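Heads up: the structure comes next, in structure tokens.
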Number of protein chains: 2
Amino acid sequence: MISYKRVFLQECEKFMQKQEVTIYDVAREAKVSMATVSRVVNGNNNVRKETREKVLAVIDRLHYQPNAVAQGLASKRTTTVGLIVPDLTNMHFAELSKGIDDIATMYKYNILLSSVGNTLLNEDQVIQNLLNKQVDGVIYMSNLMNEKAQEIFNRTNTPVVLAGTADANQEFSSVTIDYKAAEKEALGLLLKNGKKNLALVVGDGKAYVNKDNRFVAYKDFMEEHNLKNVHIYEDAKTYEDGYELFKQIKADNVDGIIATRDVTAAGIVNAAADAGVKIPEDLEIISAASTNVAKIVRPQLTTVQQPLYDIGAVAMRMLTKLMNDEELDDSHVILPYTLKKSRSTK
Amino acid sequence: MISYKRVFLQECEKFMQKQEVTIYDVAREAKVSMATVSRVVNGNNNVRKETREKVLAVIDRLHYQPNAVAQGLASKRTTTVGLIVPDLTNMHFAELSKGIDDIATMYKYNILLSSVGNTLLNEDQVIQNLLNKQVDGVIYMSNLMNEKAQEIFNRTNTPVVLAGTADANQEFSSVTIDYKAAEKEALGLLLKNGKKNLALVVGDGKAYVNKDNRFVAYKDFMEEHNLKNVHIYEDAKTYEDGYELFKQIKADNVDGIIATRDVTAAGIVNAAADAGVKIPEDLEIISAASTNVAKIVRPQLTTVQQPLYDIGAVAMRMLTKLMNDEELDDSHVILPYTLKKSRSTK
DNA sequence: TTGAAAGCGCTAACAC
DNA sequence: GTGTTAGCGCTTTCAA
């Protein structure tokens, strides 16, 4: 019965649209079983050389390509990993993604992308959707996981690695830098340069790196050095936000700034220039990120150099191990950063 | 027999790891057939209200989530589209991707990402891999499709839309701007401002937008206006490339530049400033792209504003129609651009 | 409105 | 080294 259908389809194909060649067709043409074709396709060694060659010839002639969806269903592995990212147009995430992508490619994984910046879908819906697609693993780079999302991750066996972020309880594997130490070192530089009225400019105040790290480090530092004027500016996400914020900064007599995004820092720098405020004489500024923008703006920004590409790459490498049921040497990798001095500080 | 296995698994689940609830389990618990559960899950109206509610209650209780891989195999639709992009850290592609992503989300498609910047895999291998995963459609935004890739696309029924690029023969649906007109308008501005020694600075000279559009428009323009000194600089991709290139530009006495990337333009601008060359008095420059960088660099860049987000969004919308077997009103959409004058030209 | 059953294209025991 | 066969979890006729 099936063979009738096959024959019919074959006849159709001659006149109609492009065929879908299946493993079944290859087996028939090569006069072997499906299992043997499967073995050849998957590089299994238990195939006689001549058989292999015969099968490969047919595969070539018929332009056979395995259906990865069927493979996925049968083998329970999709060779696909989910990537959860807030916004690809933010260079921070683009750089992380590149590291992830390169290692994923190396290990023959595809990437299923999910943005969560969008308000159309909640984060937990996005994650559930990804898991329903049977991804073998997930890399999470968003700012803060909500409770529902955590619950979902806990209910599944799919391994998860956080890249460039972490959860407060360290329940998930993660790759980060020491954000607190970086923050303190940067503040230390400003203080050493004689600045006393130090401010913190961040994008999302609720993000783990800010709330649980930079804010803490900043407050510690201020207390340690007996500095009373605490200035934390939140929601400064764009160049324009930075440019606008400068008025406030000036009104507050701030003379030293750590900005978490360098587009924001660039906005502040340009606004200062336009207002005749001299950098670094009257105002010093350090960016906690470092993309192209940091070297394009004049004066060039002193930055905390995060190894974003490496963070992504290491996270993906860790994920490949987890997907392979290997043990991790370290579930919470902390990569080194460097404070790169440039013209926006003395 | 099956039921034995089920019972065994259920017993296991109580002690062991997290379960995988299937449509079969839901059907049994709700005392209906798999078909009915399937209908409920897929919002089919042919289900009595009470039955639906009963099933939904069980789904909720069991935390049932459909296996999208199995759905894909059975229905031959994966609700996934492939995205082929050279480099996500290039803002041009990041912006395009955002438009694509938003519309994809709106239509409930996931995005399977494939970078082709990587030399590990050829473009055609990447594309074949995407198709093997049974994506319902593909958005292609790379620079130039090689022949093998075209062949693969032609052999498949999977619809393809090119975003921000096109093929010379217009065989594929595409969304672009009128690159030639934009180029000529920009050159016209430089000429009007008294610049005579006009140069073109591009990244990839083999890219369709350059080879078949900007180069052609440039050469036309030069001929039309009887300008003899043709200067085309290729492979200027980064800020540093731009900065380095300035020496050559100066040596060639160029006084007007169109640069296709604004990081490159920024490099040229900063190099000019460092060399004491005045912009726009001695050298005018227009960027054919416009990202944040164009407004951060001083003097701000005059740019050709491409509606990148819209190009991506329209391309994805077109793809949804093609995947739905709808007719397209127009297979080659051309979106408007604007020449936005700023401080890098008079 | 519901159910039974035949696939979707492949993998992986298991048998030979 | 190769074939047989029973699934993977779902959709989709077709019949009732």
Side-chain angles (χ1 to χ4, degrees), chain A residues 1-6 8-9 19-55 58-59 62-79 131-134 136, chain B residues 1-6 8-9 19-55 59 62-80 131-134 136:
Chain A
M1 200 146 68
I2 286 179
S3 66
Y4 282 149
K5 188 186 156 199
R6 294 279 164 191
F8 173 73
L9 279 178
Q19 78 276 23
E20 283 309 329
V21 182
T22 72
I23 200 173
Y24 187 98
D25 302 314
V26 176
R28 181 173 32 69
E29 291 289 310
K31 295 183 175 48
V32 296
S33 72
M34 286 164 61
T36 299
V37 179
S38 177
R39 287 188 190 100
V40 171
V41 168
N42 294 303
N44 186 319
N45 270 328
N46 291 337
V47 182
R48 202 159 38 125
K49 201 183 162 200
E50 301 140 50
T51 316
R52 175 185 308 282
E53 280 163 6
K54 188 172 61 178
V55 172
V58 174
I59 285 177
L62 264 45
H63 294 298
Y64 168 71
Q65 291 291 338
N67 179 326
V69 174
Q71 288 179 314
L73 184 59
S75 69
K76 305 203 164 246
R77 306 190 77 246
T78 55
T79 60
L131 293 176
N132 291 355
K133 297 238 164 163
Q134 310 301 116
D136 296 333
Chain B
M1 200 143 70
I2 287 176
S3 65
Y4 281 148
K5 189 186 158 201
R6 293 276 164 192
F8 173 72
L9 279 178
Q19 78 277 20
E20 283 310 328
V21 182
T22 72
I23 200 172
Y24 186 98
D25 301 313
V26 177
R28 181 171 34 69
E29 291 287 311
K31 296 184 173 49
V32 297
S33 71
M34 287 164 60
T36 300
V37 179
S38 177
R39 287 187 190 102
V40 171
V41 168
N42 293 304
N44 186 319
N45 270 328
N46 291 337
V47 182
R48 202 159 38 122
K49 201 185 162 199
E50 302 140 53
T51 314
R52 174 184 309 281
E53 280 163 7
K54 189 172 59 180
V55 172
I59 285 177
L62 265 47
H63 293 298
Y64 169 71
Q65 291 290 337
N67 179 325
V69 173
Q71 288 179 315
L73 183 60
S75 70
K76 304 201 164 250
R77 306 189 77 246
T78 55
T79 61
T80 301
L131 294 175
N132 290 356
K133 297 240 165 165
Q134 309 302 115
D136 297 333

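In what follows, every chain begins at residue 1, and chains take the letters A, B, ... in the order their sequences are listed. Since we're looking at a predicted model, the values are computed, not measured.
Residue B/Leu73 contributes atom CG, which lies 12 Å from atom P of D/dT12 at whole-angstrom precision. Residue A/Asn132 contributes atom CG, which lies 13 Å from atom C1' of D/dC10 at whole-angstrom precision. Here C/dG7 presents its C1' atom at 12 Å from CE of A/Met34, a figure rounded to the nearest Å. Going from atom CD of A/Glu20 over to atom P of C/dG7 covers 19 Å, rounded to whole Å. Remark: P of C/dC10 and CZ of A/Arg28 are 13 Å apart, rounded to the nearest angstrom. For the pair A/Arg39 CZ and C/dG9 P, the interatomic distance rounds to 21 Å; values are reported in whole Å. Straight-line distance from the CG atom of B/Asn44 to the P atom of C/dT1: 9 Å, rounded to whole Å. B/Ile23 has its CD1 atom 12 Å from the P atom of C/dG3, to the nearest Å.
Between C/dG9 and A/Thr22, no contact under 4.0 Å exists linking OP1 or OP2 to a side-chain N or O. Taking 4.0 angstrom as the limit, A/Thr51 places a side-chain polar atom (N or O) nearer than this to OP1 or OP2 of D/dT2. Listed pair A/Asn46 / D/dG1 meets the phosphate criterion, a side-chain N or O lying under 4.0 Å from OP1 or OP2. Look at A/Ser33 and you'll find a side-chain N or O under 4.0 angstrom from OP1 or OP2 of D/dG3. Side-chain N/O atoms of B/Asn42 include one lying less than 4.0 angstrom from OP1 or OP2 on D/dT11. For the pair A/Ser38 and C/dC10, the criterion of a side-chain N or O lying under 4.0 Å from OP1 or OP2 is not met. Of the side-chain N and O atoms in B/Thr36, one or more sit less than 4.0 angstrom from OP1 or OP2 of C/dG3. Taking only side-chain nitrogens and oxygens, B/Tyr24 never comes nearer than 4.0 Å to OP1 or OP2 of D/dT11.
At a threshold of 4.0 angstrom between heavy atoms, the contacts of B/Val41 with the nucleic acid are absent. When heavy atoms are screened at a 4.0 angstrom cut-off, A/Val32 is found touching the sugar-phosphate backbone but no base atom.
Smallest separation of non-hydrogen atoms from A/Ala27 and A/Ser33: CB-C, 3.8 Å. Here the closest non-hydrogen pair linking A/Ala70 and B/Leu73 is CB-CD1, 3.7 Å.
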Tell me, with the steps shown, if A/Val41 and A/Ile23 meet side chain to side chain contact (heavy atoms under 4.5 Å, CB included).
-> CA-CA 9 Å; A/Val41 168; A/Ile23 200 173; 5.5 Å; no
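In this structure, B/Ala74 and B/Lys31 both approach DNA chain C, and ranking their closest nucleotides by distance from the 5' end singles out B/Lys31. Projected onto DNA chain C by closest heavy-atom contact, B/Lys76 and B/Arg48 fall at different nucleotides, the more 5' of which corresponds to B/Arg48.
In this structure, the side chain of A/Asn42 does not engage the main chain of A/Asn44 through any donor-acceptor pair within 3.5 Å.
Considering only the side chain of B/Ala70, D/dG9 comes nearest among D/dG9, C/dC10, C/dT11. With distances taken from any side-chain atom of B/Ala35 to the nucleotides D/dT12, D/dT4, C/dT11, the minimum falls on D/dT12.
Side-chain contact annotation: B/Thr80 with B/Lys133, donor-acceptor N/O pair under 3.5 Å absent.
With a 4.5 Å cut-off on side-chain heavy atoms, A/Asn67 and A/Thr22 do not count as touching.
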